[in-house]
Every structure is written in C-alpha cells, then in structure tokens.
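A note on names: the letters A, B, ... follow the listed sequences, proteins ahead of strands, and every chain is numbered from 1. Computed from a predicted structure; not experimentally measured.
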Number of protein chains: 2
Amino acid sequence: MPASNRDVLMRCRLFRRVTAACLDRVAAIAVSRRYGAGERIFAQDDEAPGLFVVDEGAVRVFKIAPSGKEHVLHLAEPGHTFAEAAVMGGFPAPAHAEATVDTRCVLLPAAAFRALLDADPELPRQLLTGMAVWVHQLVAHVEDVVLHDATGRLARYLLEAAQDDVAVLPARKRDIASHLNLTSETFSRTLSRLVDRGLIRREPGRRIRLLDAGGLGFLARGV
Amino acid sequence: MPASNRDVLMRCRLFRRVTAACLDRVAAIAVSRRYGAGERIFAQDDEAPGLFVVDEGAVRVFKIAPSGKEHVLHLAEPGHTFAEAAVMGGFPAPAHAEATVDTRCVLLPAAAFRALLDADPELPRQLLTGMAVWVHQLVAHVEDVVLHDATGRLARYLLEAAQDDVAVLPARKRDIASHLNLTSETFSRTLSRLVDRGLIRREPGRRIRLLDAGGLGFLARGV
DNA sequence: CGGTTATTTGAGAGTCTTCAAGCTGAGTGG
DNA sequence: CCACTCAGCTTGAAGACTCTCAAATAACCG
C-alpha cells in the first residue's frame, strides 16, 4: 500500500528538515506516478519532468557511453530522490532513468517546484543542506569507485545495503555491477569468492546474508 | 595583483547569479587568505573553516585511501569554490586541501556564512542553482573516470583546460594524473603517445599546445 | 653548481574485461 | 504437470589496459 505523498516526502532526506507548513505547500503540488518494471521514466537530454521521490520499488539512473557501455550513477530506492539537480539548475536530464521493478514515485513537477522555490523563502534554505548531502554522497561514490578494488567495492555495497545482516538487491545484478563500475561477470566472480571465504551466503530471491560483517568491513576499507 | 573580495565572488559560478545587494552582504564577511606552494589549507575530518573561493593560484582537494593511494577530487583554479558542501551541510571536511602553487583565496567563515544563509532569504535560492551546477560537474567527473580510458580522459582534460589551443597545467603532472585516476607514469606515456600522433606539442613551463583539437575531441568521446 | 624532486622510459605483473559457452529459473503454453 | 523459452547469471580462457617497480633523465631551487 503506497504512502501518502506527504509521508513520502517526510521520509526522504531532502525534505526531512523542512518545516511542517512548508512541507504542506510542497505536498500540494505533488503528483503520483507508477511505472512497470523496465519502463523508461525519462531519457538523457530530455527536459527533466520534475523532482522524483521514490516511494516503492527502485529506479536506475544511468548514462550510456558512445562505446555502448552503461554506467549506473544511482540506484534510487524508497526515500531517495533523483533529477533534483537538473530541476533546480534548470538543465536537461544528464542521464536516463528507468524503473527496475514495479515502482511508485512522487513527482514534483519542475515548473511548479521552481515557482515554489521562488515564492517560499524557507524552502531553499532547507534544501540547500539536502543538496550538500547529495554532493557528499557523490564524492563518496567517486572515492569508492576510484580508490577501492572490486572486492572492496562489493563489500562496501553489501554492508550499506544490508538490514539485519541481509542485503536484498534492488535490481538485476548487472545493474548493481554497473553501479560499482564492474561487469556482471566480475561481480559474479567476486561474489563467489566472498561465499568461498565464508563471508556471505546466497539466499533465494536476490537475497544475500552477511555472515561476517566485520570481515567485510576490513575488505571495504581496503585491507 | 589580487582582485577585491567582492570581485572574486562575482566571478565565480556559485555567486554569479546573486543580486548586488546580496553580494555586498556576503562580501562583508569575506576574509583574504594566502598560502604558499605546498601549504596545507585544511585536513580531512577537520571542521571546514568556511567556503573558499580561489582568486589566484590553484588548490588540490584530495583523499587518501588506507592503501596510501591519493585521489585528487578537484583541482580548484581561479573562480572555483571548494568546501561548499561541508560548510552548507555542516559536516567535517571530506578531503584534504593543499595549495599547489602560491595561492590567494577568499574565505567565507563557516559560522558567519551559515548565519547569513539563515538571515538572508534571497541567498539560499541563488546558491541552490550553484549547488546544482556543482552536482552536475561531479556527475560529469564520475562519468569521465568510469566510461573513458586513459587517452579519452586526458584528451578531454586538455580540451577543457585549453585557452586558445594552449593548456597550462595548474599543478604537478602527478596531481593532474591523480585527478584523472591515472598514475603519473601512465599520464606521461599517454601524453607522449598524443605527441607522437601529432595531436599536441609540449612547450616550456607546463604548457601544452593543442595541434588538432578535432582529433582530441574524437578521442575524448571514446572513438 | 649541487642536491632534490619531478618526469620519463622500460620491463613485468595484476586486475579486470571480453568473448564464448553452459547453466538456472521464472513464466508460458501444450 | 511438464517441457519450452528467454533472459539473466555463472564459469572458463584469453587478452588488454593500467599499475608497480626500477632506473635514467630532466627540471627546479637555493
């Protein structure tokens, strides 16, 4: 059962610190959108339709190189936003977006949202810290891709994705591999190696149980 | 001759769209800072002293992996800002910052700047688009590092750095190499290959002349 | 000019990718 | 209920690109 638009906003980092009154004004322009698994949400260089907040499901935001290679910039899960920068900056979408499973999003249409930013003196101040957090995450992503090897990247990903020592993969393995800048083959092999070492166990339905979070932590730090 | 603090702010992307009155209030809290070549500006995990705008010189913002490997996140040249996200988000500096040459910066001290953000209703709105631009650049950087090979990354860098077909390297080659996620050896070899192909020419004093910008463009796009 | 640091160049090794083939598993229709 | 099919996943072998280590050369600074 999907949550109310306002609840979805309240749960996401970007809007968490926004005051109640302010949040009401944002919720007033929100619309709900549903996408089937594999459905395209917008394409690179399109005008961004607005700011999306994921309620249920998952969205992959990805670029395609001239060589044909894909890179998944962001696997947006419930509570995450995407297309924020394009909407606020007013530039076209820098990447493609596609639902990886059946997905519901809250959409804040670009024009209405920008109007709200201009009309409401409080909102920009609150969002600024939200954007700073997003920059922070991007920097962490750069750092991860650049400073760690395949094993370290995978270990870190599993640790971040896990709840109670179980990580549920929000998309196909090849998409997650791409997000970590790996091929699906390398992803698969690296996963097998972690199983052999007794650090994780595969379970049915895209689930992975973490058997030794401490050991994974060492790998994630590059030891 | 260094520019006035206000002029420096006006020239940088973050503050370009800020209204004159607003800019005056920002300039009022600005202080000037000088650093010698190689001098540390702040360290990772320090509290960020404030928002820096480079006036003259260049600053390398970098992370160090547990393995000892460095990655230069950002080579900030005149007109660029750094530590924005840390200041706005209120978290500690996510990276080290060091002047690569004698450098002058304009510093907006963190506490005063945050106070200004709260007091001035206009400022956050203007900065929000500035932050969106910064996110955009980070995404481009991720894309570049991940989707292109050494030759492509170098070609793109040279094209972006060039003015009138001459690129002046703002730092040691090893720092630029690190920014492109290359070792200095690979950087050197790749540069030599471009010289052999007749695309560029080395000139004295960290200068590189672009002989065939079109050809470099093809390489940058991964052809 | 001498000492130091940065860059270039060479040889070899590693990690990851590519290409190719078999496997698995969920959904479909007989 | 069971093939069948198709996409995704796994596994193997070969190769490419970049890195590491080592040494020579070049640039810089006092």
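A:Arg16 places a side-chain N or O within donor-acceptor distance of the main-chain N or O of A:Arg11, the cut-off being under 3.5 Å. A:Ser178 places no side-chain N or O within 3.5 Å of a backbone atom of A:Arg174 that could act as its donor or acceptor partner. Looking at B:Lys63, its side chain never comes within 3.5 Å of a backbone N or O of A:Val139 through a donor-acceptor pair. For B:Asp102 (side chain) and B:Ala37 (main-chain N/O), a donor-acceptor pair under 3.5 Å exists by modelled atom type.
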Provide a list of protein-nucleic acid N or O atom pairs under 3.5 angstrom, restricted to nucleotides 5-8 of chain D.
unit_1, atom_1, unit_2, atom_2, d
D:dG8, OP1, A:Arg172, NH1, 2.6

Sort me out a list of protein N/O and nucleotides 16-23 of chain C N/O pairs below 3.5 Å, or just none if empty.
unit_1, atom_1, unit_2, atom_2, d
C:dC16, OP1, A:Ala150, N, 2.8
C:dT17, OP2, A:Thr183, N, 3.4
C:dT17, OP2, A:Thr183, OG1, 3.3
C:dT17, OP2, A:Thr186, OG1, 2.6
C:dT18, O4, A:Arg189, NH2, 2.9
C:dC19, N4, A:Glu185, OE2, 3.2

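Residue B:Arg202 places at least one side-chain N or O under 4.0 Å from the OP1 or OP2 atom of C:dT8.
Rounded to 10 degrees, the angle separating the terminal axes of the helix from C:dC1-D:dG30 to C:dG30-D:dC1 is 40°, with each axis obtained from five end pairs.
Between B:Leu180 atom CG and D:dC19 atom C1' there is a gap of 16 Å when expressed in whole angstrom units. Rounding to whole angstrom units, CG of residue A:Leu169 and P of D:dC9 are separated by 9 Å. C:dT8 atom P lies 11 Å from atom CG of B:Leu154, rounded to whole Å. Counting to the nearest Å, the P atom of D:dC17 and the CG atom of B:Leu219 are 13 Å from each other.
Sparse packing is recorded around CD of B:Glu47, with 12 or fewer heavy atoms of other residues, nucleotides or ligands lying under 6.0 Å away.
Ion pairing between B:Glu98 and B:Arg60 holds under the 4.0 Å rule for side-chain N and carboxylate O. By the 4.0 Å N-to-carboxylate-O rule, A:Glu39 lies too far from A:Arg33 to be salt-bridged with it.
Relative ring orientation between B:Phe82 and B:Phe52 is described as parallel, the plane-to-plane angle staying below 30° on a 0-90° scale split at 30° and 60°.
Legend: residues meeting ring-ring contact (aromatic ring centres under 6.0 Å, His included) with A:Phe62, ordered by chain and number and at least two apart, are A:His96. With sequence neighbours excluded, no residue forms a side chain to side chain donor-acceptor pair (under 3.5 Å) with B:Glu160.
For residues 170-220 of chain A, the pairs satisfying ring-ring contact (aromatic ring centres under 6.0 Å, His included) are A:His141-A:His179, with sequence neighbours left out.
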